[in-house]
Amino acid sequence: MKQLEQYPVFVTNSLTGTKEIFKPVTPGFVGMYVCGPTVYNDVHLGNVRTFLTFDIVSRYLRFLGYKVRYVRNITDVGHLENDADEGEDKIAKKARLEQLEPMEVVKHYTEDFHEVMRQFNILPPSIEPSATGHIVEQIEITKKLLDKGLAYESNGSVYFNVRKYNQKNHYGILSGRNIEELVESGRELDNQDEKRDKIDFALWKKASPHHIMRWPSPWGDGFPGWHLECTVMSTKYLGDTFDIHGGGMDLKFPHHECEIAQGTGATGKAPVNYWLHSNMLTVNGQKMSKSLGNSFLPRELFAGTHKLLDKGYGPMAVRFFMLQSHYSSTLDFSNEALQAAEKGFKKLVNALVLIKKMEPAPAASDSEISKELTRLSRECYLNMSDDFNTAKTLAVLFEMSARINDLQSGNIKLSDVDKVAFTEFKETYIGFMEEVLGLQEEKEQNDETLKGAINLLIDLRKKARTDKNFALSDKIRDDLKKLGIQVKDGKDGEMTYSFE
RNA sequence: GGUUCCGUGGCCGAGUGGCUAGGCUGAGCUCUGCAAAAGCUCCUACAGCGGUUCGAAUCCGCUCGGAACCUCCA
């Protein structure tokens, strides 16, 4: 609990547009909800960025000592292609096209999603509820809104009455709109007769005879509206008012706006204290999205098969690349930027491997270098506590890695470094790399058998060097290099290696 | 048309009213049997035009350029 009090966290709250000090509803505990994927298709890198952003948020809050309950849903029903009456559920459409049961589609893409999350070292949430598992609750809240007069039934469907809600609340509070503007700019849709007002949105939709995903309800067979599931699943597990709600910027309107309206309408309380929105991943300045057809799939990236890529990149290098920018900025995806990131990432990992093997000197020392190491350690916390600024934190980690290399090469002597300062430095570097930022060695580098074999070759090369058999020592070095293993000679004849 | 946001050195990208991140690339030096790695140094930028200020890339206004949202989207 020490760090939790020492480093107060500041977050940019989309609701107010300002950076605020973070105060959870219950001290020491955090409830966080993030809109998960609609599992009708492969997740692309833009989706990954959002889930990475909130992975960092939950990791860091936990690192500080908060107990975090992180809920991220799976949308497996209710997501319409558009808001018109004939809008088709995405899952159902995919199932029809591929001649599958809807749940087959859901299972396949859910597993694919989990696999991608695992590859990027994005930790699973505490609870991962699915919309189809909460139909009963969605019907209940719809009833509640009907009872309160904030919703109305129309031809077997139920709609949220935005104007009625807006009499006592502000619909548009999150996205900076008011309903007059929405009425003027809103697109005219066909078959609007069911709705009393075109700005109203569906809570429950009547299923047409050929619709495959359907559940019985007081209003006949149907299925829940998209916005409702998040309201139900967040408040069910986190309470009527919880701390953090996250998601991509593109969900701000209408999805999150509707969530606020539904939650506030049902309970009389604003559902969320801090709204956090992550910005888009772009390609040539344009948003990466499924509908624009410019999305990258993780497997295309790893294999380097995408037409915009020269080569493949490991998931950790990509993770590092994304963390170099702040989550609230757009990030442009390019071959050159990835290449630069890959090199930078290796630098940090090399230092990570080195410092894990270092032990502090036994004595205390108040040398300048001790003070610097202490300062660097503190900066990691300060930067992350400032709205999860991973870019600034990485800059500090690079400075730390330079000092680690100094310690390794002997430019700085371990005996000049205070034991307490060194221990804090070491724990901070390893902790921020692995636990907070989730950056680790690419997994293929962790093969003990391989490491043993390389160490054997290194021993042989050491012998060759002391014997001045440079032809042999160069051959070992060059041949290893061809295999992607780089040998580095230290000052005292010691050798280390790294994978390329 | 409405609502937001952005425009930083060769490239990518932080950031702040004065102390001027970081990575990649390039040049030089040190170390080295030669390399590599590493360390150090250099190339010092904030779209344009006005304004506020002792002082602005950072605040305000305008212009130009780009993006997101307003419709499914992370």
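Letters A, B, ... are given to chains in the order of the sequence lines, protein chains preceding strands, and every chain is numbered from 1. Just so we're clear, the structure is a prediction, and the values are computed from it rather than from any experiment.
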A:Arg477 side chain, from C-beta outward: closest of B:A35, B:A74, B:G15: B:A35
On a whole-Å scale, what distance lies between the C1' atoms belonging to B:A35 and B:U30? 15 Å
Please confirm whether any donor atom in the side chain of A:Ser329 sits under 3.5 Å from an acceptor in the base of B:G13, or the reverse. no
If you only use heavy atoms from C-beta on, which nucleotide in B:U25, B:A38, B:G15 is closest to the side chain of A:Lys343? B:U25
Residue whose nearest RNA chain B nucleotide is more 5′ - A:Tyr327 or A:Ser175: A:Ser175
Report the distance from atom NE2 of A:His277 to atom CE of A:Met249, rounding to the nearest 0.5 Å. 8.5 Å
How far does the P atom of B:C31 sit from the matching atom of B:C19, given to the nearest Å? 36 Å
Base B:G33 paired with A:Asp474 side chain (donor-acceptor, <3.5 Å): yes
Using purine N1 to pyrimidine N3 plus N6-O4 or O6-N4 for Watson-Crick, or N1-O2 and O6-N3 for G-U wobble, both under 3.5 Å, which nucleotide pairs with B:C19? none
Say we look at B:G28 and B:A37: how far apart would their P atoms be, to the nearest angstrom? 15 Å
Per the atom types in the model, does the base of B:A35 pair as donor or acceptor with the side chain of A:Asp489 at under 3.5 Å? yes
In whole Å, what separates the C1' atom of B:C54 from that of B:C40? 37 Å
A:Phe120 pairs by ring-ring contact (aromatic ring centres under 6.0 Å, His included) with which of A:Phe321, A:Phe113, A:Phe302, A:Tyr313? A:Phe302
Checking contacts here: which listed nucleotide (B:A74, B:A36, B:C12) is nearest the side-chain heavy atoms of A:Lys488? B:A36
